[in-house]
Protein chains: 2
Amino acid sequence: MASDHTRTAILAAAERLYADRGFGDVTLRDIVAEANVNLAAVNYHFGSKDELIAELFVTRSIATNRERLRELKAAEEQGGGRAPIEVILHALVGPTLRGCLGPENQRSSAARFMIRASIKSVPPIRRIKNREIDHLRKFAGAMRRSLPDRSDVDIYWGLNFALAMAHHTIRESERLTKLSEGKCDLDDVEDVVARVVSVATMALTAGRTEAKAPSKVAAR
Amino acid sequence: MASDHTRTAILAAAERLYADRGFGDVTLRDIVAEANVNLAAVNYHFGSKDELIAELFVTRSIATNRERLRELKAAEEQGGGRAPIEVILHALVGPTLRGCLGPENQRSSAARFMIRASIKSVPPIRRIKNREIDHLRKFAGAMRRSLPDRSDVDIYWGLNFALAMAHHTIRESERLTKLSEGKCDLDDVEDVVARVVSVATMALTAGRTEAKAPSKVAAR
DNA sequence: GTCTATACCCCGATAGAC
DNA sequence: GTCTATCGGGGTATAGAC
């Protein structure tokens, strides 16, 4: 209880510093100085630098996944076990986008930490992401129930593209702002969510893509 | 001439080792051992570990961008300065996907290096990517000419989503394979290209997204 | 169980001789 | 251009104090 003051102080200091300066530029010595604890305490409580990062990541990650499933479950219950595809996609990408985007000046250090994590992807984070497959399978199942005529392959590609748009937009938000000279407003989170959901829905509902066509288009 | 044998040997060894084991797990000492050169030679020729990685990345990156522009130019000339949107998108994502995907067993170490680079994104690589904005602007221009009725904002979002799908599919190809239990065939590159182009085209040509709608859907 | 002091080893970088 | 030697600093491991 009072005893994990050290542990908590390390987590708080680490999250703040990582959010501000990234993983590579923050040393454990920086963190322990900020938290006013001893260097060895990090290894005692977390085992290694990577596992400290992992701990921060999972905490936030679990919260997002819980919110995703909450929205998904609510939607399927309301629809009698079969939700509209837009609503499923909304549950999939909404929590993630809402957790990382939004007005810059009010972005929590937790949010900025998650953006860094999206970009850098150190080993422990990839490990955790790979364990997320079971979580994604639940969405694949809901999508299959929503679109029973669609092939599994199309479902998976739709899921992949939805996540692609959400994560890439977070990862490269700075570049998109620069490229569009500010015309793309990344602070309007609900607009971004709507755009991603809209495109992903089209991908999943449009007449079969004639994917196998050679399409030698523009091949010199 | 004979003098840059050292330089070349370092580049070759570095690319191979980074492709196999990633940036974090390969030390300069590993590289110089593989290349049979002296440790200090790396800093003499490249300045730092990061700049060595950057050199490898730009070489490959420039080749891809050249191919992209070649396809774009050919398409616009053929269409009298105005190419179909599918063809523009094909020129945008085709070279990148072709350079990183394909049958696993025939993937060059250059290709595997670029996949690592897509995932890890060390500082020098992000620096280079930010310089790519001018390159992307050329595609935005072509897209605007192709779809003159579309707003700039929609053009930029379409461009963003096209790149998102391409890069995310490369980054997370392993996860998609696992998730779909092999049903999504990432070795069939032209199929992947066709899928990305198809979805991005829909995103850009479908009736205006009613993006600003609050869309309180599923909000508990 | 917690926390501290300290030492270890390896990494990237550099200086200076050749 | 190339090499040897070395430096500062990073993460990690351990021994022991509370």
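By convention in this document, chain letters (A, B, ...) are assigned in the order of the sequence lines, proteins followed by strands, and residues within each chain are numbered from 1. Every heavy atom of this structure was used, including side-chain atoms; hydrogens, water molecules and symmetry mates were not.
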Participant: Are the side chain of D30(A) and the backbone N or O of T27(A) linked by a donor-acceptor pair below 3.5 Å?
Facilitator: yes

Participant: Would you give me the side-chain donor-acceptor pairs under 3.5 Å for residues 122-141 of chain B, sequence neighbours excluded?
Facilitator:
unit_1, atom_1, unit_2, atom_2, d
R126(B), NH1, S121(B), OG, 3.3
E132(B), OE2, N65(B), ND2, 3.2
R137(B), NH1, L179(A), O, 2.9

Participant: Side chains of R144(B) and Y156(B): donor-acceptor distance under 3.5 Å anywhere?
Facilitator: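 Yes, a side-chain donor-acceptor pair sits under 3.5 Å.
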
Participant: Would you give a per-nucleotide map of nucleotides 12-18 of chain C, 5' to 3', where B means the base has a protein non-hydrogen atom under 4.0 Å away, S means only the sugar-phosphate does, and - means neither?
Facilitator: BBB----

Participant: From CG of D25(B) over to P of dC11(C), roughly how many Å is that when rounded to an integer?
Facilitator: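 In whole Å, dC11(C) P lies 11 Å from D25(B) CG.
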
Participant: Can you check salt bridge (Lys or Arg N to Asp or Glu O under 4.0 Å) on E55(A) and R7(A), steps first, answer last?
Facilitator: CA-CA 11 Å; E55(A) 171 103 7; R7(A) 192 187 153 86; 2.5 Å; yes

Participant: What integer distance in Å separates F46(A):CZ from dT12(D):C1'?
Facilitator: 16 Å

Participant: Check the distance between dG1(D)'s P and H45(B)'s NE2 and give it to me in whole angstrom.
Facilitator: 7 Å

Participant: Whole-Å distance between dG11(D) C1' and F23(A) CZ?
Facilitator: 16 Å

Participant: Should we count CD of E51(B) as having more than 12 external heavy atoms under 6.0 Å?
Facilitator: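 Atom CD in E51(B) is packed in, count exceeds 12.
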
Participant: Identify, with sequence neighbours excluded, every residue that meets salt bridge (Lys or Arg N to Asp or Glu O under 4.0 Å) alongside D187(A).
Facilitator: none

Participant: Whole angstroms only, please: what is the CG-P distance between N38(A) and dT12(D)?
Facilitator: 15 Å

